[in-house]
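Below is one structure, written out as C-alpha cells; the observations come after it.
Note that these values count all heavy atoms, side chains included, but never hydrogens, waters or copies made by symmetry.
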Amino acid sequence: MATEHPSEETAGAETDDAQREATVAPDPDTVETEDLTLVQGVQDALATELERDPDVLVMGEDVGENGGVFRATDGLYEEFGEDRVIDTPLAESGIVGTAVGMAAYGLRPVAEIQFMGFIYPAFDQIVSHAARLRTRSRGRFTCPLVVRAPYGGGIRAPEHHSESTEAMFAHMPGLKVAMPSTPYDAKGLLTAAIRDPDPVIFLEPKLIYRAFREPVPTESYTVPLGEAAVRREGADVSVYTWGAMAHRTMQAAEDLEDEIDVEVVDLRTVSPLDTETIVESFEKTGRGVVVHEAPKTGGLAGEITATLQEEALLYQEAPIERVTGFDTPFPLYALEDYYLPEAARIADSIREAVEF
C-alpha cells in the first residue's frame with residue numbers, strides 16, 4: 001500500500017488517469033449488465049474498486065464479518081480480508097479521524113457510518129480536518145476519503161436513524177456531497193467518489209435501497225460528480241430533487257401528465273451543484289419547484305431558489321415552490337408518512353407554480 005502522498009499536481013493527474021480507466025456513464029443498452037438494487041450498486045462499486053486499487057479499503061462498524069447493517073459490504077470481508085475490510089469500534093469520530101490520517105498518506109479509505117444521524121460525532125473530523133487538508137497544506141496533501149451513510153426516513157426506524165441533513169455538508173468548502181437515486185448512479189457516483197482526490201460525503205437513500213432493480217453495467221464506470229440528470233423532459237415547470245424524493249417527484253409528474261408537462265431534474269450531487277443544468281431547465285419553463293425531505297429552513301431548496309434568482313430572474317413566471325420536510329425533529333412512526341413529501345403534496349405545489 002502507498003506510504004507517500006502525492007503533490008497537488010500529481011494527485012490531479014493520478015485522478016485523471018484513474019477516471020480514464022473507467023468508462024464514463026455507459027449506455028446500459030450497449031454493454032453487459034446485471035439487474036441490481038441500489039444497495040447492490042453500492043456493493044458492486046466497493047468490490048470493483050477494492051479489486052482494482054490495493055490502496056482502497058473499507059472500514060466501519062460491522063462492515064466486515066457481518067456485511068454491514070444493510071448488507072452493503074456483504075461478501076467483501078471474505079474476498080478481500082481483514083486488512084482491507086476493517087471492523088471498527090463504535091466510535092464515529094475515531095472511524096473518520098483514522099480514515100483522514102490514512103487518506104493523507106496515500107490510502108483511499110471508504111468509511112461507513114451506519115446511519116446519517118450517527119455522523120455528528122465525526123462532524124469535527126470531517127469539516128475541521130478532511131475538508132481543509134488540501135488548503136491547510138497548500139496542496140501538499142489531499143484527502144481522498146469517502147464517508148458513506150444511509151440517510152432519510154420512511155423505514156419506521158428509531159430516533160437518529162432518519163436524518164437528512166445534507167445541507168450542513170454542502171455548506172462546507174472542500175467537501176463534495178453525492179446523493180444517488182438509482183442503482184446505476186449509485187455504482188457510478190461511488191466509483192467517481194473513491195477516485196476523487198478530495199473528500200466526498202456519499203449519502204444513500206435507504207428508503208429505496210431495495211425498492212426496485214435496473215440494469216447496471218458489470219464493467220467499471222463513473223458518473224461524474226457535479227452533473228445533474230434530466231429524468232423527464234417537460235415545458236411547463238422544472239422540478240429539482242435528489243435521492244429518494246426523485247421517485248416521488250417522478251410519480252407526481254406522471255400523475256399530472258394529462259394537464260401539466262413537468263420536467264424533472266435529479267441533481268445527483270448537491271455539492272457541487274450543476275448550476276448550468278438547473279438554470280437551463282428554468283429558462284425553458286419559467287417555473288420551478290424544489291423537493292427534498294430535509295427540513296425547510298436552511299435546506300438546499302433555498303440555495304437553489306437563490307441561484308435561479310441570480311442567474312435567471314428575467315425568465316421567472318411564478319414564485320418558486322418548496323416541498324420539504326418540516327422544521328421539527330424527524331417524527332416517529334405515526335407521523336412519518338405525513339412528514340415526508342409524498343406525490344400528492346408535490347403535485348399540489350406543481351399546480352400552484354403553474355396556475356400562478
Side-chain angles (χ1 to χ4, degrees), residues 1-3 5 39 42-43 45-47 49-51 53-133 136 141-152 155 157-166 168-169 172 174-175 177-178 190 193-194 196 198-206 209 330:
M1 291 187 177
T3 56
H5 196 285
V39 72
V42 170
Q43 195 274 346
L46 293 173
E49 289 304 289
L50 283 163
E51 177 66 30
D53 185 350
D55 286 339
V56 174
L57 57 89
V58 174
M59 59 192 297
E61 300 162 18
D62 295 327
V63 300
E65 292 187 70
N66 230 14
V69 65
F70 290 102
R71 300 300 181 260
T73 56
D74 191 35
L76 299 182
Y77 182 86
E78 291 76 13
E79 184 173 356
F80 298 101
E82 62 182 6
D83 291 336
R84 304 283 306 284
V85 183
I86 304 168
D87 281 318
T88 68
L90 197 161
E92 287 77 15
S93 179
I95 293 168
V96 176
T98 301
V100 169
M102 290 176 167
Y105 281 92
L107 300 179
R108 290 184 176 270
V110 181
E112 177 183 296
I113 304 298
Q114 283 192 340
F115 292 88
M116 191 178 187
F118 300 165
I119 205 169
Y120 309 125
F123 193 74
D124 179 48
Q125 296 288 354
I126 293 169
V127 305
S128 298
H129 300 290
R132 300 169 185 264
L133 191 59
R136 178 182 290 152
F141 293 94
T142 62
C143 191
L145 161 68
V146 178
V147 179
R148 293 181 42 246
Y151 86 93
I155 66 166
E159 186 183 15
H160 296 304
H161 290 68
S162 302
E163 316 290 279
S164 182
T165 51
E166 62 271 16
M168 293 196 304
F169 296 98
M172 297 298 166
L175 295 178
V177 183
L190 183 52
I194 293 170
D196 199 274
D198 293 303
V200 179
I201 307 299
F202 194 85
L203 303 176
E204 302 161 10
K206 59 183 179 289
Y209 256 159
F330 194 92

Please check if the number of heavy atoms outside E159 that lie under 6.0 Å from its CD is greater than 12. no

Q: Using atom types as modelled and distance alone, determine if a side-chain donor or acceptor of R136 lies under 3.5 Å from a backbone N or O of A131.
A: no

Note: D74 and Q43 closest approach over all heavy atoms is O-NE2, 3.1 Å

Side chains of D87 and V63: does their closest heavy-atom pair fall under 4.5 Å?
yes

CE (M168) and CE (M116) are apart, to the nearest 0.5 Å, by 6.0 Å

task: Taking the side chain as every heavy atom from C-beta outward, state whether H161 and F118 have any atom pair closer than 4.5 Å.
output: yes

Evaluate the side-chain proximity of I119 to I126: yes if any heavy-atom separation is below 4.5 Å, no if none is. yes

*Taking it one step at a time, do Q114 and E92 satisfy side chain to side chain contact (heavy atoms under 4.5 Å, CB included)?*
CA-CA 9 Å; Q114 283 192 340; E92 287 77 15; over 6 Å; no

Q. Hey, are the side chains of F115 and E163 touching, using non-hydrogen atoms and a 4.5 Å cut-off?
A. no

Interatomic distance, OH@Y120 vs OG1@T165, rounded to 0.5 Å, equals 3.0 Å

Note: A103 and C143 closest approach over all heavy atoms is CB-SG, 3.8 Å

Can you find a pair of side-chain heavy atoms, one from M102 and one from M59, that are under 4.5 Å apart?
-> yes

For this session: Taking the side chain as every heavy atom from C-beta outward, state whether R71 and V39 have any pair of such atoms under 4.5 Å apart.
Result: no

Here the pair of heavy atoms bringing L107 nearest to P144 is O-CG, 3.5 Å

Here the gap from E112 atom CD to F70 atom CZ, rounded to the nearest 0.5 Å, amounts to 9.0 Å

Nearest heavy-atom approach of V42 to A72 is CG1-CB, 4.3 Å

Beyond-backbone contact of F80 with E51, side-chain heavy atoms, under 4.5 angstrom = yes

When rounded to the nearest 0.5 Å, the distance separating CD of E166 from CD1 of I201 is 12.0 Å

Closest heavy-atom pair, V127 versus R132, reported as atoms and distance to 0.1 Å, is O-NE, 2.9 Å

Between R148 and T73 the two heavy atoms that sit nearest each other are NH1-CG2, 4.3 Å

**Asked** Heavy atoms, side chains only, cut-off 4.5 Å: are L46 and I194 in contact?
**Response** yes

The reported gap from CG in L145 to CG in D198 (rounded to nearest 0.5 angstrom) is 10.5 Å

Rounding to 0.5 Å, atoms CZ (F141) and CG (L133) come to a distance of 7.0 Å

